[in-house]
Amino acid sequence: MKYWLMKSEPETFGIEHLKKRPKQTEPWDGVRNYQARNMMRDEMQVGDKAFFYHSNCAEPGIVGVVNIVKAGYPDTTAFDPESQYYDPKATQENPRWYRVDVKFEKQFAQTIALQTLKQHPALEGMAVLARGSRLSITPVTTAQWNFILTLV
DNA sequence: GCCAACGTTGGC
DNA sequence: GCCAACGTTGGC
């Protein structure tokens, strides 16, 4: 079982949205980056956990934990011309984009701010903290995961 | 296969 | 809203 960090803009789809979904579960679709796709398609497994990270907002940081409840499968929003995630190069035979399903596990009483994460030497080297990092899905080591949980 | 131009991300 | 950093596209 592996650990991850998944970014989302709270105004678009934040942890509050996930909490209110039926079964508190949602397909993590619309990812259009190959590295992130590869991780969802090839590496993420049912039972993995991920930090839910709010990006592009007043207080960027980790706001809770989600479980991966369905492993990588084709992101069909790429087939839909009406979708903002439509990709004409994606086909049924060669879906090009993948998604996983995530389920709400918990929301932290307060955000673990990006600034806070940056302050801890124990988290040096964490992928999301890398300079210029824009990847919306990044791996988290067991040591990093456990350390961050002590900050809650 | 190079690389300039372009679009996007995301912290600030 | 700014802009640095990054990924993708497409002409050559």
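Each chain gets a letter, A, B and so on, in the order the sequences are listed, and its residues count up from 1.
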* To do: Would you indicate, yes or no, if B:dG10 has its OP1 or OP2 atom less than 4.0 angstrom from a side-chain nitrogen or oxygen of A:Lys7?
  => yes

* **Distance in angstrom units between A:Gln84 CD and B:dT9 P, rounded** => 10 Å

* To do: Flag this pair as yes if the NZ/CZ of A:Lys70 is under 6.0 angstrom from the six-membered ring centre of A:Tyr73 and inside a 45 degree cone about the axis; otherwise no.
  => yes

Report, one pair per line, the protein and nucleotides 5-7 of chain C atoms (nitrogen or oxygen only) whose separation is under 3.5 Å.
{"from": "C:dA5", "atom 1": "OP1", "to": "A:Arg131", "atom 2": "NH1", "distance (Å)": "3.2"}
{"from": "C:dA5", "atom 1": "OP1", "to": "A:Arg131", "atom 2": "NH2", "distance (Å)": "2.9"}
{"from": "C:dA5", "atom 1": "N3", "to": "A:Arg134", "atom 2": "NH1", "distance (Å)": "3.2"}
{"from": "C:dC6", "atom 1": "OP1", "to": "A:Arg131", "atom 2": "O", "distance (Å)": "3.0"}
{"from": "C:dC6", "atom 1": "N1", "to": "A:Arg134", "atom 2": "NH1", "distance (Å)": "3.4"}
{"from": "C:dC6", "atom 1": "O2", "to": "A:Arg134", "atom 2": "NH1", "distance (Å)": "2.0"}
{"from": "C:dC6", "atom 1": "O2", "to": "A:Arg134", "atom 2": "NH2", "distance (Å)": "3.4"}

* To do: Mind calculating the distance between CD (A:Glu9) and C1' (B:dC12) to the nearest angstrom?
  => 15 Å

* **ring pair (Phe, Tyr, Trp, His ring centres under 6.0 Å) partner of A:Trp28, chosen from A:Phe52, A:Trp4, A:Trp97** => A:Phe52

* Presence of salt bridge, A:Arg96 and A:Asp87, under 4.0 angstrom -> yes

* Do A:Asp42 and A:Arg37 meet the salt-bridge criterion of a basic N to acidic O distance under 4.0 Å? -> no

* **Spacing of A:Leu5 atom CG relative to B:dT9 atom P, expressed in whole Å** => 16 Å

* Check the side chains of A:Asn67 and A:Lys103 for a donor-acceptor pair under 3.5 angstrom, ignoring hydrogens and angles. => no

* To do: Round to the nearest Å and state the distance from A:Leu117 atom CG to B:dG10 atom C1'.
  => 15 Å

* Asked: Rounding to a whole Å, what distance do you find between A:Glu11:CD and B:dT9:C1'?
  -> 15 Å

* Could you tell me the separation between the NE2 atom of A:His54 and the C1' atom of B:dC12, rounded to a whole number of Å? => 19 Å

* **Which residues share a ring pair (Phe, Tyr, Trp, His ring centres under 6.0 Å) with A:Phe13, sequence neighbours left out** => A:His17

* Asked: Rounded to the nearest Å, what distance is computed from the CD atom of residue A:Gln115 to the P atom of nucleotide B:dG10?
  -> 18 Å

